[in-house]
Student: 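Once you've had a glance at the structure underneath, I'll fire off some questions.
The figures that follow rest on heavy atoms only: side chains count, while hydrogens, waters and symmetry mates do not. Everything quoted here is computed from the prediction, not taken from an experiment. To find a chain, count down the sequence lines: A is the first, B the second, and so on, and within it residues start at 1.
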Amino acid sequence: MDRKELEKRFVTARRELILRDFQGLNDMQQRAVMATEGPLLLLAGAGSGKTTVLINRVANLIRFGRASDSEELPEGAGEAELAVLEKAVRETGELSPEVEALCALDPVEPWRICAITFTNKAADELKSRLEARLGPGAQDIWAMTFHSACVRILRRSGEAMGLPSSFTIYDASDSAAVMKRVLKELNMDEKTFPPKVVLSAISRAKDNMLSAEDFAAQAEKGWDPRNKQIAKAYIEYSRRLLAADALDFDDLILFTVRLLRDYPEVRERWQRQFQYVLVDEYQDTSKIQYKLAAYLAGGRGNICVVGDDDQSIYRFRGATIENILGFEKLYKNARVIKLEQNYRSTGHILGAANSVIKNNLGRKGKNLWTSAGDGEKLTLHIAENDDEEAAFVAGKIVEGVSSGMRWGDFAVLYRMNAQSNRLEYAFKRMSIPYRVVGGTRFFDRMEIKDVTSYLCAVQNPADDLRLLRIINNPPRGIGETTLERLRAISATERRPLLDVAADAALYPELKAAAGKLMKFLELIMELRTLSESMPLPEFYDALLDKTGYLAALGDSDEALARRDNIMELKSNIVNYAAGAESPSLAGFLDEIALYTDLDSMEAGENSVVMMTIHSAKGLEFPSVFLVGMEDGIFPSSRTIGDEEEMEEERRLCYVALTRAKRSLTLTAARRRMLFGRTSSNLISRFVEEIPEEHIDKPADAVRQGLRYEPDPEYMDYALRERQFERREARGAYREHLSPNDARRPGPIRSASGVARPGPSRPPVGKTPAAKASPALLELRPGDAIRHKAFGQGTVTDVKTMPGDALVTVDFGGTQKRLMLRAAGAFITKL
DNA sequence: ATCATAACGCTTTTT
DNA sequence: GCGTTATGAT
């Protein structure tokens, strides 16, 4: 046998044996798993088994190295070895160690694989699935978010650029707090320079790798005078973060990219380490994140990016779809694999999603298909108002549970967090177990911020921001005047506040407060010593005690809830201490700085989840309710009139629709309370884009006033307003309009008002109570009832209130409190 | 220094 | 409509 022939047969046999590990995958998925070398763009539609592919790809790398994608033979392979392989091909069962060794080509050590995801949730899922597949060795894989990967790199190598490894991370609210101070001190008007706007300008600058000085230089040359002001704020903001040894979220990425760009030895060290780099959700990466990925993968050039251009929904914060659209241009030898078979949803759901997204121009083009059958059609429900919309959703879920589904099978998705309120009330009235993801995050709560500020202050003596938060909390008689003087000295001497406080006795103006300041200083010092000698959880208890924070809370209902949260934080600490290799205060603070509420959502929990569509990305649910399908809400009023933003909104809709596995219900309300006023909106244009073959709509929808055609008058108005804002954004001066003039006048309201029948409209608020039997109103303690979802129970208490009653029912040990008007429709008296 | 009331502005979306 | 912040009174 000549060498050529041997090589060919060897490679073929090897591929076949390797493929045995990936039998459950379809052709395209297998190709993606086997193509380990060089740049690879994986266009993975929603529900196409993308994570499965990632897991298997990593498994392949660890077991077989680059063998599946190489023509190369292992050292010393000859006819004897070929015979062994070909024999193994004919046999079934596990590969023998000998065969496995022959199949492998430089198996990859786990820590040489870097799999970057976008959210902690995705990273955690990846980690746990990798561990399930590969065992404990999987823990060494760098499966984490951009931000946490950067933290790790900076902690290890940041010293090279003069960054102390003990740096602190500022989250968005910390950044905002710093910025507010800065703006105040620079006498910048909060109206013309809202902190948010300034921060996002800085964020954009950082995405373009512009330092404060670069930005200032550019502002000098630019035409927008506001940028000069913003540049000043940027400079001062940076100065403060530097003084506090703090990095904000954007800095984490920016500093890492600078580090890798400017320090060759550091760059080489990491490029040597990461032989394979995977980036998930590539469509959501920003310019600088793309640079980061390119640097990390710069050693071997093995970069695999996974994404779906149709699911790009973070353009607003710098994500650029160019990264995915331009991948092939950038990496000339890139391979592209498309995953279009959907394993998640039934036919009507996919059909609806496809017909919505095809209205977008400028996409790679992709059509999801399924072999799962058509399934149920979508339904559109039009409610009288937002309360009724919420009640409808709650009712449908109760019915679903009564027919055998679990609470956890349902998700309610909305465009903005503010929409969750109404739903929560409805769910509470019916005692439906639910969970709101996102919104006010756990770590944004006041008491949690306070306690973590103590932790930060103990860990980082230069962290003035956190110090200011706690120095007089609980009250220690250190008032505003003392702080003002402290701040003045700290600013002129460029020393941290705590340093200045330590020398309080030396400054005449601080004499009066010196005693109190010393006492506080001693407290912090004592805590610092304790933090070094005690296990973390015990230290936490000691901190709560010594600072007197817990004691100062009191025992009102509110304080009780706060205590609960503080204890919840303790369980976080205990968890962390148990799981981490070498737990430390610094490590814990890193963990929570990058943590969001999303991460605490446990998969097994049996309750309905409510969240924004953005939060729902990457998740799936048997039954999904998509509420508020109205123009002005979804699509958001801010996007109407801007084609690019509308396309992003449409992608958001695509994401929403593709979350559903089997059942998908859309709802809209004729009238709803929004921003404190009642408004009526047209039905969402996205609903219009779903053909009748996929969706059941109420036949009278049009006659009853929710129209499908965009109102030309309104469109015109929205467009003009939009253009005005854009012109303003470009720097044209504001013609002083009073805020009321900027408000939308009549068009919206009058437009829908015309279409709505006037006085002869059916009565509003046909609540489910209308269906409740009169016997229910006579319920008394001791009565037996049956509830559609909860089953049989005994009434233990009845509190009547005007037009309604709150009944407490014992369902075999669990107490539920039900509002009769809302829950009555699901109760029968036995 | 702490509490109460008034005023404001906010509603896109997250690390 | 709600939650946060500014202001003023005690």
Student: Please give, in whole Å, the distance from B:dT14 P to A:Met416 CE?
Tutor: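 Going from A:Met416 (CE) to B:dT14 (P), I get 13 Å.
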Student: If we count only N and O atoms by modelled type, under 3.5 Å, do the side chains of A:Asn359 and A:Tyr654 hold a donor and an acceptor together?
Tutor: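 Side-chain D/A pair, A:Asn359 to A:Tyr654: absent.
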Student: Classify the nucleic acid contact of A:Phe634 as base, sugar-phosphate or nothing, counting any heavy atom under 4.0 Å across all strands shown.
Tutor: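 It contacts nothing in the nucleic acid.
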Student: Below 3.5 Å between N/O atoms, which protein atoms pair up with nucleotides 1-6 of chain B? Just atom names and distances, please.
Tutor:
none

Student: Are any side-chain N or O atoms of A:Asp310 and backbone N or O atoms of A:Arg651, one a donor and one an acceptor, separated by less than 3.5 Å?
Tutor: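 Not confirmed, A:Asp310 side chain does not pair with A:Arg651 backbone.
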Student: What integer distance in Å separates A:Leu247:CG from B:dT15:C1'?
Tutor: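 Answer to the nearest Å: 14 Å.
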Student: Among the nucleotides B:dT15, B:dT13, C:dC2, which one has an atom lying closest to any side-chain atom of A:Tyr425?
Tutor: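 Output: C:dC2.
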Student: A:Lys617 has an atom NZ; how far is it from atom P of B:dT15, in whole Å?
Tutor: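 Rounding to the nearest Å, NZ of A:Lys617 and P of B:dT15 are 11 Å apart.
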Student: Just compare B:dT13, B:dT15, C:dA6 and give me whichever is closest to any side-chain atom of A:His614.
Tutor: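 Among B:dT13, B:dT15, C:dA6, the one nearest the side chain of A:His614 is B:dT13.
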Student: Is the NZ or CZ atom of A:Arg422 both under 6.0 Å from the centre of the six-membered ring of A:Tyr425 and within 45° of that ring's axis?
Tutor: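 No, a cation-pi geometry is absent between A:Arg422 and A:Tyr425.
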Student: So A:Ser679 and A:Glu630, side chain to side chain contact (heavy atoms under 4.5 Å, CB included) or not? Walk me through it.
Tutor: CA-CA 11 Å; A:Ser679 57; A:Glu630 297 148 43; over 6 Å; no
Student: Measure the distance from CE on A:Met446 to C1' on C:dG3 and round it to the nearest whole Å.
Tutor: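 Answer to the nearest Å: 13 Å.
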Student: Which part of the nucleic acid does A:Lys196 contact within heavy-atom distance under 4.0 Å: base, sugar-phosphate only, or nothing?
Tutor: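 It contacts sugar-phosphate atoms only.
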Student: Any idea which of B:dT14, C:dG1, C:dC2 is nearest the A:Met673 side chain?
Tutor: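 Nearest listed nucleotide: C:dG1.
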Student: Run the side chain to side chain contact (heavy atoms under 4.5 Å, CB included) check on A:Asn460 and A:Arg466 step by step: do they pass?
Tutor: CA-CA 9 Å; A:Asn460 176 2; A:Arg466 269 65 172 265; over 6 Å; no
Student: Measure from the side chain of A:Thr145, starting at C-beta and using heavy atoms only, and say which of C:dT5, B:dT14, B:dT15 lies closest.
Tutor: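 That would be B:dT15.
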Student: Salt bridge (charged side-chain N to carboxylate O under 4.0 Å, His left out) with A:Arg562: which residues, sequence neighbours excluded?
Tutor: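 Checked A:Arg562 against salt bridge (charged side-chain N to carboxylate O under 4.0 Å, His left out); matches are A:Glu447, A:Glu558.
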Student: Please figure out whether A:Pro194 or A:Leu652 has its closest DNA chain B nucleotide nearer the 5' end.
Tutor: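 Closer to the 5' end of DNA chain B: A:Pro194.
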Student: For the pair made of NZ in A:Lys180 and C1' in B:dC8, what is the distance, rounded to whole Å?
Tutor: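 Atom NZ in A:Lys180 sits about 12 Å away from atom C1' in B:dC8.
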Student: Just compare C:dC2, B:dT13, B:dT14 and give me whichever is closest to any side-chain atom of A:Phe316.
Tutor: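 My answer, after comparing the listed nucleotides, is B:dT13.
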Student: Do A:Thr145 and A:Ser148 have side-chain atoms, one donor and one acceptor, less than 3.5 Å apart?
Tutor: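 There is such a pair between these side chains.
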Student: Do any side-chain nitrogens or oxygens of A:Asn417 fall under 4.0 Å of OP1 or OP2 in B:dT13?
Tutor: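 Checking B:dT13 against A:Asn417, a side-chain N or O does come within under 4.0 Å of OP1 or OP2.
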Student: Is the shortest side-chain N/O distance from A:Ser636 to OP1 or OP2 of B:dT13 below 4.0 Å?
Tutor: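 Indeed not, no polar side-chain atom of A:Ser636 lies that close.
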Student: Let's see if you can work this out: which of C:dC2, B:dT14, B:dT15 has an atom nearest to the side-chain heavy atoms of A:Asn421?
Tutor: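 Out of C:dC2, B:dT14, B:dT15, the nucleotide with an atom closest to A:Asn421's side chain is C:dC2.
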Student: Any donor-acceptor pair under 3.5 Å linking the side-chain atoms of A:Ser286 with those of A:Tyr314?
Tutor: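 No.
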Student: Heavy atoms under 4.0 Å, any strand shown: does A:Phe146 hit a base, just sugar-phosphate, or nothing?
Tutor: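 Since no nucleic acid heavy atom lies under 4.0 Å of A:Phe146, the category is nothing.
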Student: Please report, rounded to the nearest Å, how far the C1' atom of B:dT14 is from the CE atom of A:Met611.
Tutor: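 Those two atoms, CE and C1', are 14 Å apart.
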Student: Please state whether the phosphate of B:dT14, meaning OP1 or OP2, lies under 4.0 angstrom from any side-chain nitrogen or oxygen of A:Thr612.
Tutor: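 Yes, such a contact exists.
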